2 protein chains.
Amino acid sequence: MSDDTASGKPDSGEEEAPRVFIVDDDEGFRDSMVMLCDSVGLETEAFASAAEFLRRFSPEMRGCLLLDVRMPGMSGLELQQELSRRNSRVPIVFMTGHGDIPMAVAAMKAGAADFLSKPFSHQELLDRIHRALRIGEREEEPRRREAEVREAYERLTPREQDVMHLVVQGAANKVIASRLGISQRTVEIHRAHAMEKMEADSLADLVRSAVVLGL
Amino acid sequence: MSDDTASGKPDSGEEEAPRVFIVDDDEGFRDSMVMLCDSVGLETEAFASAAEFLRRFSPEMRGCLLLDVRMPGMSGLELQQELSRRNSRVPIVFMTGHGDIPMAVAAMKAGAADFLSKPFSHQELLDRIHRALRIGEREEEPRRREAEVREAYERLTPREQDVMHLVVQGAANKVIASRLGISQRTVEIHRAHAMEKMEADSLADLVRSAVVLGL
DNA sequence: GTCGGCCTAGGTAGATCTCCCTAGCCGCGT
DNA sequence: ACGCGGCTAGGGAGATCTACCTAGGCCGAC
């Protein structure tokens, strides 16, 4: 193992640091947001439209998104839907000057971390940003674990997956063998391979991984 | 076993059917809500204050809660906090005549299912109620399972719990024996008892139960 | 004080899992 | 054609788990 020279991707050598993404069509407002964040040491990246942000988007993004609701082109709420479709994990803090309760409730029901109506104080905004960043951090660890487990799982051969399914359901090797119509010996081999590929040191580990995968 | 005659509680022989709980200090409004729900076949229970509802509250309640924000005495938001402390699982639909965005957002962040500002149409309200009821149903099954597992777990003797912990961490019996300073034979006995009491037919089952318990 | 539950433990046997050796067949890409 | 990986399989040794028999000490409840 350890021979990754052939793999296509550089494989995310460096992760991006968490930062505040700002999407607002008002340039002056954008700039003032950036300055505010700078002043407390938060890294920022600003975009003038939802489309511009989407071009930059990747599922590995970390941080939070400060999002204006009303913009030309794609609205903030539409961007939220699109990000949700793309399995984004970035918590969203909405900002709006002309919002109403139904709009705020819809955004929150769709998973927004917060919803601020202008005007708001700098401190108010910074508090919300920090809270959103904490939410993002808290979700990061489980996400990463699931991604790792899923990756390992997908490296299993079809037969190894079959065997793993039955193993984590509590079936004994002989049962698995008869169920799959193969010899007990072969089950043992697939089982051992699955354990190794899933980096499971015990059956308990394997079951935990299966639970993460929702099996 | 099977001798439950000594246990104090009749043990929830019949579960309550899901219903709509209405908490509002305005009697006229309460009545109209009750009638509206009646008209579509929803069972209701109405209360004039948060305190009155709390006296009726039990964690086994099923359905949803239609809650006015502004009331004399304990407010709707305060009731929400109190219910959260009491591990309520009843989805809350807030109603208010004088709400603003921060209030709605705070309620949603605290876990409310919905937030409606008056006036609203009957259909609007019924839609929200049905949605909240669906949310409650969806959470019911996992809740019940966890409660059952936890109950079984707490029937384990301390030693059986010790052994179970190590078993679901993947330790072999001999390891557990030396870790606990007892013989391998004794570990086997505690292990078998734990499996039986947890109604686990396989190690996989036991690990799943442990995952539910957050072990 | 007796009864029952809990924790402890030995022996034996059988089922089960794990790991070592071997090896044939098939499909895919070079 | 050749190699490689995936799937299949047998035999055997040793570790591990499970199930059956037994039994003693401790402690709280009736």
Side-chain angles (χ1 to χ4, degrees), chain A residues 1-8 150-210 215, chain B residues 1-9 151-210 215:
Chain A
M1 55 200 75
S2 81
D3 188 345
D4 285 358
T5 52
S7 73
R150 195 169 298 281
E151 219 172 286
Y153 175 74
E154 273 156 11
R155 276 198 301 271
L156 298 183
T157 66
R159 218 44 169 167
E160 284 162 359
Q161 291 186 3
D162 292 343
V163 171
M164 172 171 164
H165 288 159
L166 292 166
V167 166
V168 299
Q169 280 167 26
N173 284 352
K174 64 190 285 187
V175 174
I176 299 172
S178 79
R179 201 85 70 85
L180 295 180
I182 59 181
S183 86
Q184 199 165 327
R185 183 67 190 86
T186 305
V187 173
E188 291 171 14
I189 294 175
H190 291 319
R191 177 175 184 149
H193 284 166
M195 295 279 290
E196 182 166 1
K197 290 185 182 175
M198 298 298 292
E199 296 179 76
D201 294 331
S202 64
L203 175 54
D205 282 354
L206 195 69
V207 174
R208 282 176 200 283
S209 296
L215 298 181
Chain B
M1 53 202 74
S2 83
D3 189 342
D4 285 0
T5 52
S7 73
K9 303 168 189 171
E151 217 171 285
Y153 175 74
E154 273 154 13
R155 275 198 302 268
L156 298 183
T157 67
R159 218 43 170 166
E160 284 163 358
Q161 290 186 3
D162 291 343
V163 171
M164 173 171 164
H165 288 160
L166 293 165
V167 165
V168 300
Q169 280 166 25
N173 285 351
K174 64 191 283 187
V175 174
I176 299 173
S178 79
R179 201 86 70 83
L180 295 180
I182 58 181
S183 85
Q184 197 164 329
R185 183 68 191 84
T186 306
V187 173
E188 290 169 13
I189 293 176
H190 291 318
R191 179 177 185 147
H193 284 165
M195 295 280 290
E196 182 166 2
K197 289 186 183 174
M198 298 297 292
E199 295 178 78
D201 294 331
S202 65
L203 176 53
D205 282 354
L206 195 68
V207 175
R208 283 176 200 281
S209 296
L215 297 182

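Computed from a predicted model, the values in this text were never measured in an experiment. Chain naming here is simple, since letters A, B, ... match the order of the sequence lines and numbering starts at 1 in each.
We find the CD-CZ distance between A:Gln169 and A:Arg179 to be 7.0 Å, quoted to the nearest 0.5 Å. Within the model, atoms CE of B:Met195 and CG of B:Asp201 stand 7.5 Å from one another, a figure rounded to the nearest 0.5 Å. In this structure, NE2 in A:His190 is found 14.5 Å from CE in A:Met164, a value given to the nearest 0.5 Å. To the nearest 0.5 Å, atom CZ of residue A:Arg208 and atom CG of residue B:Leu215 are 8.0 Å apart.
For the residue pair A:Lys197 and A:Arg155, the shortest heavy atom distance occurs at NZ-O, 3.4 Å. The two residues B:Ala204 and A:Val168 come nearest to each other via the heavy atoms CB-O, 3.3 Å. Taking each heavy atom of A:Gly170 and B:Ser202 in turn, the nearest pair found is CA-OG, 3.3 Å. Scanning both residues, A:Gln161 and A:Glu154, for their nearest heavy atoms gives NE2-CA, 4.1 Å. Residues B:Leu206 and B:Ala194 come closest through the heavy atom pair CD1-O, 4.5 Å. Taking both residues in full, the closest heavy atoms of B:Ala177 and B:Ser183 are given as CB-C, 3.8 Å, listed atom of the first, atom of the second, then distance.
Proximity of B:Leu180 to B:Leu166: side-chain heavy atoms (C-beta onward) are separated by under 4.5 Å at one or more points. In this structure the side chain of A:Arg159 never reaches within 4.5 angstrom of the side chain of A:Ile189, judged on heavy atoms. Taking the side chain as every heavy atom from C-beta outward, B:Leu156 and B:Met198 approach each other to under 4.5 Å.
Of the residues in residues 152-159 of chain A, A:Thr157, A:Pro158, A:Arg159 come within less than 4.0 Å of DNA chain D through at least one heavy atom, sorted by number. Proximity of residues 182-189 of chain B to DNA chain D (heavy atom under 4.0 angstrom from any strand atom) is restricted to B:Arg185, B:Glu188. Contacts between residues 172-181 of chain A and DNA chain C, counted as heavy-atom distances below 4.0 Å, involve A:Ala172, A:Asn173, A:Lys174.
Close approach of DNA chain D to chain B, defined as any atom under 4.0 Å from a non-hydrogen atom of the protein, starts and stops at D:dT16 to D:dC21. With a heavy-atom cut-off of 4.0 Å to chain B, the contacted part of DNA chain C has its first and last nucleotide at C:dC6 to C:dG11.
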Give the intermediate values and the outcome of side-chain contact (heavy atoms from CB on, under 4.5 Å) for residues A:Arg191 and A:Leu203. CA-CA 10 Å; A:Arg191 177 175 184 149; A:Leu203 175 54; 4.1 Å; yes
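Annotation: B:Glu199, atom CD; neighbour count of heavy atoms from other residues, nucleotides and ligands within 6.0 Å does not exceed 12.
Under 4.0 Å is where a charged nitrogen must lie from a carboxylate oxygen, and between B:Glu188 and B:Arg185 at least one such pair does.
Between its opening and closing five pairs, the helix from C:dG1-D:dC30 to C:dT30-D:dA1 changes axis direction by 40°, a value rounded to 10 degrees.
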